[in-house]
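First comes the structure, then the notes that go with it.
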Amino acid sequence: MPHPLSDLGRRERQIMDIVVRRGRATATDVLEDLPDPPSNSSVRSMLRLLEQKGFLRHEWEGPRHVYIATADPDHLRRSAASHVLNTFFNNSMESAVAAMLGAAEKPPSDEELDRLARLIAQARRKRGGGGGRK
């Protein structure tokens, strides 16, 4: 992908969200999922623009184009998470995690907390830190 998702405008990000979530999407699919959808021709124009920018590609499926994200889903998740971290949490991982834990409809299960603890331990090992606090 040539640029991060944060380079996109609000409507372009919404369209990318829909295509990534669905895996494959037609202009009609995007139009159905968009909040306050613009005209059909506007959606088609934005899809073509996202394709020109290198974020999407299309395949023919019968009489219509089906759009697919060009980037690996993991890369897209990291790019989106980075954008949210910088935009809403001033690049504070602690603030972002605290907000996520507080925003969940139900508290995390013991299994989820165990997986989170393993991810934290793995991050400590990657940066060369031990178990101590700083």
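The analysis underlying the following values was restricted to heavy atoms, covering all of them including side chains, and did not include hydrogens, waters or symmetry mates.
- Across all non-hydrogen atoms, the minimal contact from Arg11 to Pro35 is NH1-O, 2.8 Å.
- Note on Met93: it clusters hydrophobically with Val84, by side-chain heavy-atom contacts below 4.5 Å among ILVMFWY residues.
- The minimum heavy-atom distance between Val20 and Ala69, with the atom names listed, is CG2-CB, 4.1 Å.
- The side-chain heavy atoms of Met16 and Arg13, taken from C-beta on, include no pair separated by under 4.5 Å.
- Contact check for Glu12 versus Ile15: no side-chain heavy atoms found under the 4.5 Å cut-off.
- The salt bridge (Lys or Arg N to Asp or Glu O under 4.0 Å) pairs that include a residue from residues 93-111 number zero, where partners must be two or more places apart or lie in different chains.
- Without hydrogens or angle criteria, Ser45 side chain to Ser41 main chain gives a donor-acceptor distance under 3.5 Å.
- By the 4.5 Å heavy-atom criterion applied to side chains, Leu101 and Pro108 are counted as neighbours.
- A continuous path of ILVMFWY side-chain contacts below 4.5 Å connects Met46 to Leu34, so both sit in one hydrophobic cluster.
- Taking the six-membered ring where tryptophan is involved, the planes of Trp60 and His58 are perpendicular, since the angle between them exceeds 60° and thus also 30°.
- Rounded to the nearest 0.5 Å, atoms OG (Ser92) and CG (Asn86) are 11.0 Å apart.
- Here the CZ-CG distance, from Arg115 to Leu119, works out to 9.0 Å after rounding to the nearest 0.5 Å.
- Residues passing the side-chain hydrogen bond (donor to acceptor under 3.5 Å, both in side chains) test with Asp74 are Arg77, sequence neighbours excluded.
- Between the side chain of Thr70 and the backbone N or O of Arg57 there is no donor-acceptor pair closer than 3.5 Å.
- Looking only at side-chain heavy atoms (C-beta outward), Pro38 and Val43 come within less than 4.5 Å of each other.
- Using a 4.5 Å cut-off on side-chain heavy atoms (C-beta onward), His65 and Leu47 make no contact.
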Given Ser82 and Ser79, is the side chain to side chain donor-acceptor pair (under 3.5 Å) satisfied, shown in steps? CA-CA 5 Å; Ser82 178; Ser79 178; over 6 Å; no
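- Atom CZ of Arg78 sits about 14.0 Å away from atom CG of Leu85, to the nearest 0.5 Å.
- The two residues Phe89 and Ala99 come nearest to each other via the heavy atoms CE2-CB, 3.5 Å.
- A donor-acceptor pair under 3.5 Å is formed between the side chain of Thr87 and the backbone N or O of His83.
- A 4.5 Å side-chain heavy-atom check between Arg48 and Tyr67 finds at least one atom pair inside the cut-off.
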Show me the donor-acceptor pairs within less than 3.5 Å that the side chains of residues 23-32 make with the rest of the protein, sequence neighbours left out.
residue : atom : partner : partner atom : Å
Arg24   : NH1  : Glu59   : OE1          : 3.1
Arg24   : NH2  : Glu61   : OE1          : 2.9
Thr26   : OG1  : Thr28   : N            : 3.4
Thr26   : OG1  : Asp29   : N            : 3.1
Thr26   : OG1  : Asp29   : OD2          : 3.2
Asp29   : OD2  : Thr26   : N            : 2.9

